[in-house]
Amino acid sequence: PNRIGSTLQDMASVQLATGAIDSAIVFLKEARGYDLLLPETFFLLGKAYFQKNNFPESQRYFQMALAGKESLFGRNSAEAAIVLRSMGDLYVAQGDAMLALTFYQQSIESLVPDFTDSQLEDNPRLRNVFSRKELLLSLRQKMKGLLLLDAQRPNNPLPLNKIALETAVLATSLLDSIKVDY
């Protein structure tokens with residue numbers, strides 16, 4: 001059964017990548033019958049509805065995916081961080097940069113267990129990171145979100161451009177450490 005469910009998810013992922021969203025949704029609705037894979041199926045359904053600009057359905061599925069992934073892997077995991085980052089992307093698409101940044105910051109917190117600061121101006125140290133690749137992606141989205149918020153609220157009391165620059169410098173350092181490993 002897991003292989004069937006996994007195959008259905010893979011087929012849906014291909015459909016999403018090629019823009020055949022309705023076809024992907026059909027595969028994913030069939031994949032919902034495989035309990036062990038349910039959180040990932042919910043996540044892919046969230047992505048599908050996001051691509052269709054059906055934001056309420058996307059949010060609903062992302063929330064179900066997050067609950068399932070936190071149950072399986074814990075809040076401090078790359079799996080939870082990916083869903084949190086996708087929820088941030090959802091709010092960017094809806095024009096709410098502040099709420100998006102909240103989710104990006106939570107995504108970063110999920111990837112760095114020593115980092116538990118929800119303040120936008122704070123970034124983690126690059127130690128004890130669960131997934132450097134996912135952290136790099138979350139830092140990129142945080143930087144973009146900060147720049148978007150700066151454009152939306154030019155009189156914001158926080159120095160958003162400076163925080164975005166610090167986030168970019170941290171992401172560059174992380175990228176350099178990843179390159180060394182390769």
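Along the sequence shown, residues carry numbers from 1. Because only heavy atoms are used, hydrogens play no part in the values below, and waters and symmetry mates are left out as well, while side chains stay in.
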>> Run the side chain to side chain donor-acceptor pair (under 3.5 Å) test against Asn53 and tell me which residues pass, sequence neighbours left out.
In response: none

> Who passes side chain to side chain donor-acceptor pair (under 3.5 Å) against Asp114, sequence neighbours left out?
Replying inline: Asn128

> What closest approach, in Å, do Phe115 and Asp122 show between heavy atoms, and which atom pair accounts for it?
Replying inline: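 Looking at all heavy atoms of both residues, the closest pair is CZ-O, 3.6 Å.
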
> Looking only at heavy atoms, which two atoms of Ser86 and Phe43 are closest? And how far apart?
Replying inline: OG-CE1, 3.3 Å

> Between Lys52 and Glu57, is the closest basic N to carboxylate O distance under 4.0 Å?
Replying inline: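 Lys52 and Glu57: not salt-bridged.
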
> With hydrophobic residues grouped by side-chain heavy-atom distances under 4.5 Å, do Leu126 and Leu111 end up in a single group?
Replying inline: yes

> How does the hydrophobic cluster around Leu148 look, that is, which other residues are in it when side-chain heavy atoms under 4.5 Å mark a link?
Replying inline: Val92, Met98, Leu101, Tyr104, Leu120, Leu146, Leu149, Leu158, Leu160, Ile163

> Residues two or more places apart in sequence or in another chain: which of them pass ring pair (Phe, Tyr, Trp, His ring centres under 6.0 Å) with Phe27?
Replying inline: none

How would you list, by chain and number, every residue that makes a side-chain contact (heavy atoms from CB on, under 4.5 Å) with [X], sequence neighbours excluded?
{"X": "Ser77", "value": "Phe73, Glu79, Ala80"}
{"X": "Asp176", "value": "Thr172, Lys179"}
{"X": "Ala168", "value": "Met143"}
{"X": "Ser6", "value": "Asp10, Leu37"}

> Who are the salt bridge (Lys or Arg N to Asp or Glu O under 4.0 Å) partners of Glu30, not counting sequence neighbours?
Replying inline: none

> Which class fits the ring pair Tyr61 and Phe42: parallel under 30°, tilted 30 to 60°, perpendicular over 60°?
Replying inline: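 Taking Phe42 first and then Tyr61, their aromatic rings sit tilted (interplane angle of 30° to 60°).
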
Distance-only criterion, 3.5 Å: show the donor-acceptor pairs between side-chain atoms of residues 64-72 and protein atoms not counting sequence neighbours.
| unit_1 | atom_1 | unit_2 | atom_2 | d |
| --- | --- | --- | --- | --- |
| Lys69 | NZ | Glu40 | OE1 | 2.5 |
| Glu70 | OE2 | Arg75 | NE | 3.4 |
| Glu70 | OE2 | Arg75 | NH1 | 2.4 |

> Would Ile108 and Lys142 count as a side-chain contact (heavy atoms from CB on, under 4.5 Å) if you check the C-alpha gap in whole Å, the side-chain angles of each, and the deciding distance to 0.1 Å?
Replying inline: CA-CA 9 Å; Ile108 293 167; Lys142 178 183 176 180; 3.7 Å; yes

> What pairs meet the salt bridge (charged side-chain N to carboxylate O under 4.0 Å, His left out) rule with one or both residues in residues 91-105, with sequence neighbours excluded?
Replying inline: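 Counting only pairs at least two positions apart or across chains, no salt bridge (charged side-chain N to carboxylate O under 4.0 Å, His left out) contact touches residues 91-105.
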
> Will you find, in the side chains of Ser110 and Asn76, an N or O donor that is under 3.5 Å from an N or O acceptor?
Replying inline: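 No pair is found: no donor N or O on one side chain lies under 3.5 Å from an acceptor on the other.
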
> If you look only at pairs with a residue in residues 117-146, which of them pass as a ring pair (Phe, Tyr, Trp, His ring centres under 6.0 Å), with sequence neighbours excluded?
Replying inline: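 Matches after skipping sequence neighbours: none remain.
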
Do [X] and [Y] touch side chain to side chain, with heavy atoms closer than 4.5 Å?
{"X": "Gln59", "Y": "Phe50", "answer": "no"}
{"X": "Arg32", "Y": "Leu45", "answer": "yes"}
{"X": "Gln106", "Y": "Met87", "answer": "no"}

> Given Glu134 and Arg85, is the salt bridge (charged side-chain N to carboxylate O under 4.0 Å, His left out) satisfied, shown in steps?
Replying inline: CA-CA 9 Å; Glu134 296 304 331; Arg85 187 175 59 242; 2.6 Å; yes

> Taking the six-membered ring for Trp, are Phe103 and Tyr91 ring centroids under 6.0 Å apart?
Replying inline: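 Yes: the rings meet the under 6.0 Å criterion.
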
> Given Phe62 and Leu84, is the side-chain contact (heavy atoms from CB on, under 4.5 Å) satisfied, shown in steps?
Replying inline: CA-CA 8 Å; Phe62 281 153; Leu84 288 163; over 6 Å; no

